[in-house]
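Please read all numbers here as calculations on a predicted model, not as lab measurements. Position 1 is the first residue of the sequence, and the numbers go up from there.
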Amino acid sequence: MSNRYLNEAGKITSKQIDTTIKDRTDALGFFKLMGIKEVTTKRQKKNGTTVYELPIRKLSYTGNSYAYKYAIYDSGYIRDVSEHCSSPWYINKKYETKTKYWNSYYKEYGEYVGSKPVFIENFDDQLVFLANYILKNRYGKLYSCCDWSIEQMKEQREFMYNHKWNSDTVTIPSDEYGAMCAKIDANELEKISAGTQDEIQVIINGTRYNLS
């Protein structure tokens, strides 16, 4: 998108948005067809925020799934507020900005190149943008996973967790390992070599060593 369509506030209208879904009617029809529902709370509605939730979910490697959610704000922001996101982040288009600043150390002006979001002025245009974003980024490629596969993923994750945190293996720092070895006399080492003692294992910097 060319910057010549942007005003000083970085705002545009639907006439400057290249879309597959063209207007509010198309957007709402797309939402209904795909089962995308509005899940706005009373507090969010009061603050001028509208939230939509997709019927598809993001599946993590642990077997847990998270809902995809997107929020439209009166300010012109459109954000991804999905459950797996650590914090909401905007999906608005960006345009490049250049800012000059004074460098007091070198006694000269420098230039910082950054970006700013393209705010969308009205709700209808926001719906059009969001619908096209979802169509392109969430329905371009879809993969299904059966319940059995999900259960296997959860069992594997639980096994890995228990093996790491609940096993009988003791992890010690390398300096403590050196001090421990210094206390083992020759007789004890012979017993270990002969296999007359219980198996002893240590992990040093992620590597497992058998002392038996």
Side-chain angles (χ1 to χ4, degrees), residues 1-102 109-145 150:
M1 181 182 298
S2 173
N3 288 355
R4 61 192 175 92
Y5 292 122
L6 304 177
N7 59 21
E8 292 181 356
K11 294 183 178 181
I12 59 173
T13 65
S14 59
K15 294 181 180 180
Q16 285 85 46
I17 306 176
D18 296 328
T19 62
T20 301
I21 297 170
K22 299 296 183 181
D23 54 30
R24 178 191 178 97
T25 302
D26 286 348
L28 294 177
F30 169 72
F31 287 170
K32 183 177 181 179
L33 177 66
M34 305 307 294
I36 301 171
K37 298 181 179 180
E38 182 182 343
V39 292
T40 311
T41 64
K42 292 182 178 179
R43 181 177 181 180
Q44 289 171 329
K45 182 67 71 174
K46 184 178 180 180
N47 293 334
T49 304
T50 306
V51 183
Y52 292 93
E53 181 177 326
L54 279 61
I56 59 175
R57 301 175 69 86
K58 177 182 176 65
L59 181 64
S60 73
Y61 71 98
T62 62
N64 297 318
S65 62
Y66 307 93
Y68 284 110
K69 294 182 180 181
Y70 296 91
I72 294 174
Y73 298 81
D74 278 348
S75 61
Y77 275 109
I78 303 176
R79 298 181 183 273
D80 186 338
V81 293
S82 302
E83 295 175 351
H84 64 275
C85 295
S86 57
S87 61
W89 55 278
Y90 71 85
I91 61 174
N92 301 60
K93 290 183 179 292
K94 302 176 183 179
Y95 66 97
E96 186 178 281
T97 61
K98 295 181 179 180
T99 305
K100 286 188 176 181
Y101 64 92
W102 174 252
Y109 283 98
E111 187 175 73
Y112 168 74
V113 179
S115 63
K116 289 184 178 181
V118 177
F119 296 107
I120 304 176
E121 286 194 322
N122 63 73
F123 186 74
D124 288 358
D125 293 339
Q126 291 173 329
L127 278 177
V128 171
F129 178 87
L130 178 58
N132 280 283
Y133 178 89
I134 292 174
L135 178 61
K136 178 181 179 181
N137 294 279
R138 293 292 167 251
Y139 288 97
K141 291 183 179 180
L142 291 178
Y143 302 93
S144 62
C145 189
I150 294 176

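A distance of 4.5 Å separates CG of N132 from CD1 of I21, quoted to the nearest 0.5 Å. Rounding to the nearest 0.5 Å places CD1 of I134 at 7.0 Å from CD1 of I91. D124 contributes atom CG, which lies 8.0 Å from atom CG of L28 (distance to the nearest 0.5 angstrom). Annotation: the span from T49 atom OG1 to D74 atom CG amounts to 7.0 Å, rounded to 0.5 Å. Taking CG from L127 and CD1 from I120, the interatomic distance works out to 10.0 Å, rounded to the nearest 0.5 Å.
A heavy-atom distance below 4.5 Å is found between the side chains of L54 and Y70. I36 places none of its side-chain heavy atoms less than 4.5 Å from the side chain of Y68. The shortest side-chain heavy-atom distance between K69 and E53 falls under the 4.5 Å cut-off. Contact of the Q126 side chain with the Y73 side chain is not registered, since no non-hydrogen atoms from C-beta on lie closer than 4.5 Å. E38 has its side chain within reach of K45: a pair of non-hydrogen atoms, C-beta onward, lies under 4.5 Å apart. Annotation: side chain of L130 is not in contact with side chain of F30 (no heavy-atom distance under 4.5 Å).
Of all heavy-atom pairs spanning V39 and Q44, the tightest one is O-OE1, 4.1 Å. In terms of heavy atoms, A71 sits closest to V51 at CB-CG2, 4.0 Å. Contact between Y95 and P117 at its shortest, heavy atoms only, is CE2-O, 3.6 Å. In plain terms, the two heavy atoms of P55 and Y139 that are nearest each other are CD-OH, 3.6 Å. The shortest non-hydrogen separation linking N92 to I78 is OD1-N, 2.9 Å.
With E83 contributing its side chain and A67 its backbone, the two residues share a donor-acceptor pair below 3.5 Å.
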For T50 and F123, run side-chain contact (heavy atoms from CB on, under 4.5 Å): C-alpha distance rounded to whole Å, both residues' side-chain angles, the deciding distance at 0.1 Å, then the answer. CA-CA 10 Å; T50 306; F123 186 74; 3.7 Å; yes

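When ring centroids are compared, Y77 and F119 come within the 6.0 Å threshold.
At a cut-off of 3.5 Å, with distance as the only test, a side-chain donor of S82 or D80 sits close to an acceptor on the other residue.
Taking Y112 as the reference, nothing meets the ring pair (Phe, Tyr, Trp, His ring centres under 6.0 Å) condition, with sequence neighbours excluded.
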